[in-house]
**Student:** 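Have a look at the structure that comes next, please.
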Amino acid sequence: MATASAAVRRDWLVGYTMVAPVVLGSLAFVVLPLGMVVWYSLHEWNVLANTFTFVGAENYQRMASDPGLGDALLATVWFSIGLVVVNIALALLLAVLLNQKLPGTTTFRTFFFSPVVVSLVAWTIVWSFLLQADGGINGFLSVLGAEGPNWLRHPTTAMIAVIIVQVFKNVGLNMILFLAALQGVPEELQEAARLDGAGAWRRFRSITLPLISPTILLVSIITIVGSLEVFAQIDVLTGGGPGNSTTVLVYYLYQQAFRFNEFGYASALAVLLFLIVLVLTLLQWQSRKRWVFHEV
């Protein structure tokens with residue numbers, strides 16, 4: 001009995017030792033910082049004036065009357081919708097095309113995935129030059145006889161430009177995830193449906209999509225969360241402009257903290273962002289039971 005009890009304690013010790021780094025890391029880098037942000041959001045904190053005054057819920061009440069926050073939330077909605085729809089649709093289309101047994105597919109996979117490993121800032125700086133009024137994009141359009149706009153100086157085209165830059169940066173990652181899922185679809189199911197007279201679209205809709213739905217869920221969560229955290233692209237390409245047309249919530253948070261020294265209010269905005277990400281992720285996770293294959 002003593003030997004068995006010692007073995008159990010040893011197993012428990014090994015188990016706790018294995019999970020300790022993850023638990024301690026989560027506490028130190030997730031739970032503690034989140035708690036500190038919530039605490040800061042209850043204060044009026046001005047670093048330059050060296051003041052740190054408890055104000056309770058005033059920062060949260062301020063959100064209700066802040067017109068800049070409304071504009072930032074609207075810009076975030078438009079950016080997220082555009083990015084998620086275009087990114088997922090294009091990634092799935094590319095994955096389907098590259099899943100065909102055609103020559104040169106390896107080269108195209110590398111071509112579409114290579115932007116993922118490129119430095120985000122370097123990628124954005126290159127695109128900022130291409131999208132100028134006299135940049136490469138308009139130069140190419142002029143060769144075709146068309147006159148392009150100043151993409152980054154008009155509210156509509158600026159948002160479209162930022163979305164496109166972000167799509168091209170990360171579409172390769174989602175493409176690889178979809179491609180891996182497509183290669184896991186049993187060929188015998190496709191062949192059986194083909195023998196039953198099902199066309200390509202019917203096979204894709206009734207067999208392929210259900211079987212890769214877990215990957216679609218993963219990709220949608222990753223893409224939506226990523227769309228809500230975009231910062232470098234906005235800062236380098238448009239600086240939130242023209243006007244406030246591309247000032248998304250994260251960039252608005254940055255402005256409040258590091259331009260206006262409103263760290264308490266910025267912390268409240270960070271809490272709002274956390275809640276938005278949490279709610280959207282939970283909604284997606286709960287909705288999986290309705291459309292993800294084998295989820296009950």
Side-chain angles (χ1 to χ4, degrees), residues 15 18-19 21-22 25-26 30 79-120 123 163-230 233 277-296:
M18 293 295 181
V19 301
V22 176
S26 299
V30 178
F79 177 82
S80 297
I81 291 176
L83 176 64
V84 171
V85 172
V86 177
N87 193 315
I88 293 179
L90 181 60
L92 184 56
L93 175 62
L94 291 173
V96 171
L97 294 176
L98 294 177
N99 194 42
Q100 310 301 314
K101 294 181 173 62
L102 299 174
T105 54
T106 301
T107 301
F108 280 103
R109 291 177 193 176
T110 304
F111 173 77
F112 285 113
F113 185 76
S114 57
V116 177
V117 298
V118 174
S119 167
L120 175 60
W123 172 266
I163 291 173
I164 290 175
V165 170
Q166 182 66 4
V167 166
F168 286 160
K169 178 69 173 69
N170 289 328
V171 71
L173 176 61
N174 290 343
M175 178 197 71
I176 292 298
L177 293 174
F178 281 135
L179 188 59
L182 289 171
Q183 292 178 348
V185 176
E187 182 60 33
E188 53 268 23
L189 293 180
Q190 300 280 7
E191 185 62 29
R194 192 179 295 109
L195 293 176
D196 286 339
W201 170 245
R202 180 59 185 273
R203 295 197 306 272
F204 180 76
R205 180 168 58 88
S206 301
I207 297 176
T208 305
L209 276 181
L211 290 178
I212 68 171
S213 56
T215 303
I216 296 177
L217 174 64
L218 171 65
V219 168
S220 66
I221 292 176
I222 293 174
T223 307
I224 290 176
V225 172
S227 71
L228 294 171
E229 298 177 347
V230 63
Q233 301 88 326
V277 172
L278 178 63
V279 169
L280 290 178
T281 303
L282 290 177
L283 287 176
Q284 291 178 87
W285 185 251
Q286 290 299 319
S287 69
R288 79 192 191 282
K289 299 178 181 178
R290 298 184 178 182
W291 61 276
V292 176
F293 187 64
H294 274 335
E295 289 284 347
V296 294

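Count residues from 1 along the sequence.
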**Student:** Looking at Met175 and Ala91, what are the two nearest heavy atoms and their distance?
**Tutor:**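 Heavy atoms of Met175 and Ala91 come nearest at N-CB, 3.7 Å.
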**Student:** Roughly how far apart are Thr281 OG1 and Ile224 CD1, rounded to 0.5 Å?
**Tutor:** 8.0 Å
**Student:** So, the side chain of Trp123 versus the backbone of Val165: is there a donor-acceptor pair under 3.5 Å, distance only?
**Tutor:**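 The answer is yes, because a donor-acceptor pair under 3.5 Å joins these two groups.
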**Student:** Quick check: does any side chain N or O of Arg109 sit under 3.5 Å from a backbone N or O of Leu98, one acting as donor and the other as acceptor?
**Tutor:** yes
**Student:** Measuring only between side-chain heavy atoms, which start at C-beta, is Gln233 closer than 4.5 Å to Leu120?
**Tutor:**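 Result yes, sub-4.5 Å side-chain heavy-atom pair found.
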**Student:** Phe178 and side-chain contact (heavy atoms from CB on, under 4.5 Å): which partner among Leu94, Ile216, Val96?
**Tutor:**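 Result: among Leu94, Ile216, Val96, Ile216 is the only option passing the side-chain contact (heavy atoms from CB on, under 4.5 Å) with Phe178.
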**Student:** Taking all atoms of both residues into account, what is the closest heavy-atom pair of Ala95 and Leu179, and its distance?
**Tutor:** O-CD1, 3.5 Å
**Student:** Of the options Thr215, Val219, Val171, Ile212, which is the one that meets Leu92 in a side-chain contact (heavy atoms from CB on, under 4.5 Å)?
**Tutor:**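 Of the listed options, the one satisfying the test is Ile212.
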**Student:** In Å, rounded to the nearest 0.5 Å, how long is the span from CZ of Arg194 to CZ of Arg202?
**Tutor:**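 Output value for this atom pair is 15.0 Å.
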**Student:** Flag the pair Phe168 / Pro115 as yes when at least one side-chain heavy-atom distance between them is below 4.5 Å, and no otherwise.
**Tutor:** no
**Student:** Which heavy atom of Ser227 sits nearest a heavy atom of Leu83, and at what distance?
**Tutor:**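 Taking every non-hydrogen atom into account, CB-CD2, 3.4 Å.
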**Student:** Side-chain contact test, heavy atoms from C-beta onward, threshold under 4.5 Å: evaluate it for Thr208 versus Gln190 and give yes or no.
**Tutor:** yes
**Student:** Could you work out, with side chain to side chain donor-acceptor pair (under 3.5 Å) as the rule, every residue matching Arg205, not counting sequence neighbours?
**Tutor:** none
**Student:** Quick check: does any side chain N or O of Thr223 sit under 3.5 Å from a backbone N or O of Ser220, one acting as donor and the other as acceptor?
**Tutor:** no
**Student:** Evaluate the side-chain proximity of Leu218 to Ile222: yes if any heavy-atom separation is below 4.5 Å, no if none is.
**Tutor:**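 Yes. Closest side-chain heavy atoms under 4.5 Å.
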**Student:** Considering all heavy atoms of both residues, which atom of Val116 and which atom of Asn170 are nearest to each other, and what is their separation?
**Tutor:** CG2-CA, 4.4 Å
**Student:** For a quick test of reading the model, state the closest non-hydrogen atom pair linking Ile163 to Phe79 and the distance between them.
**Tutor:** CG1-CD1, 3.7 Å
**Student:** Any side-chain heavy-atom pair from Ile176 and Phe112 closer than 4.5 angstrom?
**Tutor:**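 Not in contact.
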**Student:** Do you know which two heavy atoms are closest between Ser80 and Leu228, and how far apart they sit?
**Tutor:** OG-CD2, 3.6 Å
**Student:** Return the CD1 to CG distance between Ile207 and Leu189, rounded to the nearest 0.5 Å.
**Tutor:** 6.0 Å
**Student:** Check whether any side-chain N or O of Gln286 sits under 3.5 Å from a backbone N or O of Leu282 as a donor-acceptor pair, and report yes or no.
**Tutor:**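 Checking the backbone N and O of Leu282 against the side chain of Gln286, no donor-acceptor pair under 3.5 Å is found.
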